[in-house]
Amino acid sequence: MKQAVALLKRIAFGSVTTIMMIGWVDCYAFSVSQAANSDTVPDFSTDEFDDSLYSKTLNEVVFTQKKRGAIKSVSVENRNLINQTELCRAACCNLGESFSTSPSVDVSYSDPATGARQIKLLGLSGTYVQMLTESMPAFRGAAMPYAFRYVPGPWMNSISVSKGSSTVKNGYESITGQINIEYLKPQDEPGATVNAYFDTDMKVELNAVGNIHIKEGLSTELLAHFEDRFGSHDGNDDGFADMPDIRQVNLNNRWQWRSGNYIFHGGLTMINEKSKAGQIANHNHSGMEINDPYLIDLDTRRYEGYMKHAYIFDPERNGNLAFIGTLNMHQLDASFGRKGYDVNEKGAFAQLMYETDLGEMHNLSTGLSFNYDYLGQHVKITHDPNVGPERIRERESVGGAFAQYTLKYSSRLTLMAGIRGDYSSKYKWFVTPRFNAKYTPFDRTNVRVSVGKGYRTVHPWAEYNNLLASGRTIVVENLKQEDAWNYGVSVDYTQYLGRHKLIMNAEYFYTDFNSQAVVDYDTNPGILTISQLDGKSYSHTFQVDVTWESPFGLSLTGAYRLNDVKSTYNGVLLEKPLTNRYKALLTASFSTPMDIWQFDVTFQMNGGGRMPAPYKLPDGNMSWGPRFKAFPQLNMQVTRWFRQFSIYVGGENLTNFKQKNPVVWSNDPWSSYFDPTTVWGPIHGAMAYVGIRYNFGRI
């Protein structure tokens, strides 16, 4: 009798919750009509992720509960999913701001010259993370320094973060892990949604998403984004902009068609972005009038197209054949004073893959892939007007084959082994082996082990062109292909305490480089060298995190990560500069009954680290100290939900911590002492924002 009463209560509560959720497509999985009419649950509720709170149908009654925002994968890989529920806990204007509540991923702070933001995973730069959009390699080469502002937050359905050795199906470039972005789908519920955002740093954003189902099996989607940051930003009164003024227009049109066992996906993307920074005052610190201001301009145009074809010829054994193809062109015209970097980059990727189950316990994936990169570059590394740019061309084609075998020996043991061989026009043959294992010794306890190798071709000027803003002379030596081994082990445990849920996780990863491009700030104060590693380079990371979930709308997450990242500079093994020694994170989220109000708080303490070797300035002071200290940050957001729209108000960096003098020797940017690239913390203070999301429904 008690069980029957409890079930009726859940049905009643779920039905009311469902009614309240209609139209809130921005941050909730799907509406009642979708749950009732869909044959399958959404991607993020498949058996690959451990999330029991998705919509269920019982006879003719549908009840829906709010999904957890961060979901731990139950697959053999160490993978976590960040879905729309989690993304809406913060402003998340773009991909670079979507990891503010993540204990695993760090986002570097924008430098005042270009506004470039990168992530760090396992203590290492985002260049060692393979970026994917819907399992297709993306944002390589010249797009890499600025890629995290090319993906608007309201466009994303979810972000999958795989740490350590991962699948070989997506290529050989993953060293510390993979980040896969899933966009909103054309086949989602038809309708239109808009999002508007404004903050006290004078940034305005407008986003629109529209889905149309043309006929059965055929649907299209248009994603539109506009942002503009206007006004002068000079919080420390050094005459140099703290952040660039950025104007971006981003359009994406996507199509989906399904006929029987054949599925097609395709789309086109266009990005146009202009960024301006530099001196904004009429006089320098000495009171002298500035007749020749130091300006930094970046003009970017990017075009992409993709298509996916899949044919399911054996549904019972999941037998399918798929072809993926992408084309992209990235054009960047950048000026740093009288220095400059222009690039016209063209890339192509193609993959043919066959996958099938060989039985209840066995799965096989095999395939062929081809990748082509061309970079036509003009580089001017001096302010001397009598010296012209140097023309540099880079071209590489890589063809390869892979095979991956997965053995589900039992419900407690899964093994996955993959290997691929590739031939590069520059580096000849190389082999990428990877292995993952998952063992469940006890109920709700998972142990994962991974080991694998990764490779990466370095395009130094494309990937580090923002360093041209430094007054130092940049020297690029002959570089080899980067390669490293990654080893990882993790344990997670879930415990139910009545209606409460406790999730505990501990993990350790070790990355060991055999070959690496090293950015050396230390050896010579007047020269910044990008050279080949000569010695050791490695990263140790250890992380523990605990999540507590209450049935009364409250969830808490606490995490601590320790980084030991070192590399060899001029024969000396040193800590990697501008890298936090540790990170402590605490997040809290509370939603009132019926999810009318939602409150989110994120606090993090960023551990100190080593600065590059300081040098003496003309006024006798040192450029910076030997180390930077730990600093706190606090972000908060309040969301009010209505039937068809929501309003959110929040603040970032509410501790108002700012790095002092992020632009070194700003009064003379034409000298070799000038450097705006050694940023380790926030360069602007507390910021407040307000936004609105509105769903127009079916169009």
Side-chain angles (χ1 to χ4, degrees), residues 44-45 47-54 65-83 85-86 89 99-106 121-123 159-166 176-177 411-414 436-450 487-510 540-564 580 582-591 600-607:
F44 48 76
S45 293
D47 59 0
E48 189 175 349
F49 293 95
D50 178 19
D51 187 7
S52 59
L53 300 180
Y54 55 83
Q65 296 178 0
K66 183 178 178 180
K67 292 183 60 63
R68 287 194 291 118
I71 306 171
K72 182 71 174 181
S73 170
V74 298
S75 71
V76 65
E77 298 177 68
N78 190 323
R79 184 181 304 170
N80 293 277
L81 187 86
I82 303 171
N83 62 25
T85 302
E86 185 75 6
R89 291 181 58 184
F99 301 104
S100 59
T101 61
S102 171
S104 299
V105 182
D106 294 329
L121 185 64
L122 306 186
I159 307 170
S160 176
V161 181
S162 300
K163 289 183 279 189
S165 177
S166 52
T176 58
S411 61
R412 294 189 178 274
L413 179 63
T414 303
N436 289 263
K438 175 192 171 187
Y439 178 56
T440 306
F442 315 104
D443 291 343
R444 301 190 298 273
T445 301
N446 299 302
V447 179
R448 291 179 174 83
V449 177
S450 65
Y487 311 85
V489 59
S490 67
V491 180
D492 64 81
Y493 173 71
T494 302
Q495 177 64 51
Y496 291 91
L497 306 172
R499 298 173 63 189
H500 302 267
K501 188 175 183 179
L502 185 66
I503 306 171
M504 294 177 283
N505 177 74
E507 57 190 34
Y508 164 75
F509 286 91
Y510 170 53
H540 295 276
T541 61
F542 174 74
Q543 177 177 311
V544 292
D545 53 87
V546 179
T547 298
W548 178 72
E549 297 176 352
S550 163
F552 308 110
L554 176 65
S555 67
L556 301 171
T557 296
Y560 180 83
R561 187 179 69 252
L562 183 65
N563 299 320
D564 179 20
N580 294 327
Y582 68 86
K583 176 180 178 179
L585 177 78
L586 178 63
T587 70
S589 181
F590 174 73
S591 56
D600 294 285
V601 179
T602 300
F603 175 81
Q604 58 180 293
M605 178 63 72
N606 300 276

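By convention here, the first residue in the shown sequence is residue 1. Being a predicted model, the structure only gives us computed values, none of them experimental. Every heavy atom of this structure was used, including side-chain atoms; hydrogens, water molecules and symmetry mates were not.
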Validation row: [X], [Y] side chains within 4.5 angstrom (heavy atoms):
X	Y	value
Ile82	Phe99	yes
Leu554	Trp548	yes
Thr445	Gln495	no
Gln543	Thr541	no
Thr440	Ser411	no

Query - Set of residues satisfying salt bridge (charged side-chain N to carboxylate O under 4.0 Å, His left out) with respect to Arg444, sequence neighbours excluded - result: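 Arg444 satisfies salt bridge (charged side-chain N to carboxylate O under 4.0 Å, His left out) with no residue once adjacent residues are dropped.
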Looking at every heavy atom in both [X] and [Y], which two are closest together, and how far apart are they?
X	Y	answer
Asn505	Asp492	OD1-CB, 3.7 Å
Asn83	Ile71	ND2-CD1, 3.6 Å
Asn436	Ser450	OD1-CB, 3.3 Å
Leu586	Gly558	CD1-CA, 4.3 Å
Ser162	Leu121	O-CD2, 4.1 Å
Glu77	Ser166	OE1-CB, 3.2 Å

Query raised in the report: Out of curiosity, Leu585 CG to Lys583 NZ, how far, rounded to the nearest 0.5 Å?
Result: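 If we round to the nearest 0.5 Å, Leu585:CG and Lys583:NZ are 5.5 Å apart.
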Requested in this report: Could you note down all residue pairs passing side chain to side chain donor-acceptor pair (under 3.5 Å) where residues 550-561 supplies at least one of them, sequence neighbours left out?
Outcome: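 For residues 550-561: Asp106-Arg561, Thr547-Thr557, Arg561-Asn563.
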Who pairs with [X] by side-chain contact (heavy atoms from CB on, under 4.5 Å), at least two apart in sequence or on another chain?
X	value
Tyr508	Val489, Tyr510, His540, Phe542
Asn78	Lys72, Asn80, Lys163, Arg448, Ser490, Glu507, Phe509
Met605	Tyr582, Ala584, Phe603, Ala630, Pro632

Report task. State which residues pass side-chain hydrogen bond (donor to acceptor under 3.5 Å, both in side chains) with Thr101; sequence neighbours excluded, sorted by chain then number. Result ->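 Applying side-chain hydrogen bond (donor to acceptor under 3.5 Å, both in side chains) to Thr101 gives Glu86.
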Report task. Applying side-chain contact (heavy atoms from CB on, under 4.5 Å) between Thr494 and each of Leu502, Ile503, Asn446, report the one that passes. Result ->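 The single option meeting the side-chain contact (heavy atoms from CB on, under 4.5 Å) with Thr494 is Ile503.
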